[in-house]
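Quantities reported herein were computed from a predicted structural model and do not represent experimental measurements. Numbering starts at 1 and runs along the sequence shown. When a ligand or atom number is given, it counts from 1 through the structure's own listing order.
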Amino acid sequence: MIHSKLPDTGTTIFTVMSQLALEYNAINLGQGFPDFMMSEALIALVNSAMLKGYNQYAHMNGLPLLREKLAQKVKKLYNNSINPETQITITPGGTYGIYTAFTSILEKDDEVIVFEPAYDSYIPNIIINGAKPILIQLQFPSFNIPWDEVKQKITAKTKAIIINSPHNPTGAVINENDIEQLKQIVYNKNIFIISDEVYEHLIFDNIPHQSILRYPELLEKSFVCFSFGKTYNCTGWKIGYCIASPLLMKEFRNVHQFNCFSCNSFVQYALAEFLDNEDAYLSLGKFIQNKRDYFQKLMEATKFKAIPSHGSYFQCYSYKDFSNENDMELAIRLTKECGVTTVPLSSFYQSKKDDKVLRFCFAKKEETLKEAAERLIKI
Ligand code: GLN
């Protein structure tokens, strides 16, 4: 007999929608992953690393050379000197980094501030650690953070706050004022920050990414999680990294060592070398922005109304002007009748709040986006 630690958590919506897309042979704009080819040069580096014999365990905390290169990148992009030996750990993906960060700090009955719509792993991560998510809804439809409400919901039990910019599922991004508010909230308090920055380079419209890494006083209290999969268009590689203060990273590694131990070595050798190619990550924002713009233009011919997206793989579209259906029903109908799969926004709310909005992933080839939009005109 198993007493589930997550009795109320069903199968993740991404798996559910991807399976539905497969079943009905629909274009999958649901789960967030590119359908175009990644860099073949990076694949060649992995291949060559394997042939060179880099096939045994890497260092538990990640290949030292890769961590060194990441520290150089952080210095260059965010003007912050971090110590690769004590502050960076390579992880099997961003989601794992976030889970490990929560597990490192949470105790029973701790409270964690979570903004909704929320990426679907956060709340189960908190619950499995015996802690309690304190839900705050982002303002609709700007998806800005209501800081006054955050201040009201801070209690003696607040252990952490999780932020995510660029934001999944909405594409909203935080600005300097948000950082200022966050500083005021955590100042002189024992509140940790988990910052999900997996879409670091997927930011549009010349907006600078407000990384926690820019702010040493915030990094003192933070775990900042990144994803190579998002940066190099290879989500299936499941490799990322976490950056934290030495004190926090020590505990993170305590958890990590008996869970993952170390990530695959050959990919780390390849990534260490590929990081010298700055253009590969600096040009990504513009490349993906063009896809957002291309899809948005095509969608003007449909009845869907775009809600602005400034980053990530995603854009939300409202259908309230033409249908009263609940968003899950519409997402299923679109898959079956139009052959296009999306993710209903209600799946990112515990209450299943239905604002009549669907999330579309536009990180796809132009031909895929064109075909999807043509199918959606029919609805
Ligand atoms: N991050 C991706 C998304 O939001 C999916 C990740 C996953 O399937 N676990 O669609």
For F228 and Y232, take the angle between the two ring planes, folded into 0 to 90°, and tell me which bin it lands in: parallel under 30, tilted 30 to 60, perpendicular over 60.
parallel
salt_bridge(E278, K76) N-O dist < 4.0 Å:
yes
Which of the ligand 1 atoms, numbered from 1, are nearer than 4.0 Å to a heavy atom of N168
1 (N), 3 (C), 4 (O)
Closest protein heavy atom (residue, atom, distance) for atom 8 (O) of ligand 1:
Q31 NE2, 2.7 Å
Angle class for the F348/F14 ring planes (parallel below 30°, perpendicular above 60°, tilted otherwise)?
tilted
Does the separation of the ring centres of F102 and Y122 fall below 6.0 angstrom?
no
Does the Lys NZ or Arg CZ of K370 fall within the cation-pi geometry relative to F295 - under 6.0 Å from the ring centre and within 45° of the axis?
no
For atom 6 (C) of ligand 1, which protein heavy atom lies nearest, and how many Å away is it?
Y119 OH, 3.2 Å
Assess F314 for proximity to ligand 1: is some non-hydrogen atom of it under 4.0 Å away?
yes
Within 45° of the axis and under 6.0 Å from the centre of the six-membered ring of F287, does NZ or CZ of K291 qualify?
yes
Is ligand 1 under 4.0 Å from a heavy atom in the side chain of M17, in the backbone, in both, or in neither?
neither
Any atoms of ligand 1 less than 4.0 Å from a non-hydrogen atom of R359? List them with their elements.
3 (C), 4 (O), 10 (O)
Between G30 and ligand 1, is there a nitrogen or oxygen pair with a distance under 3.5 Å?
no
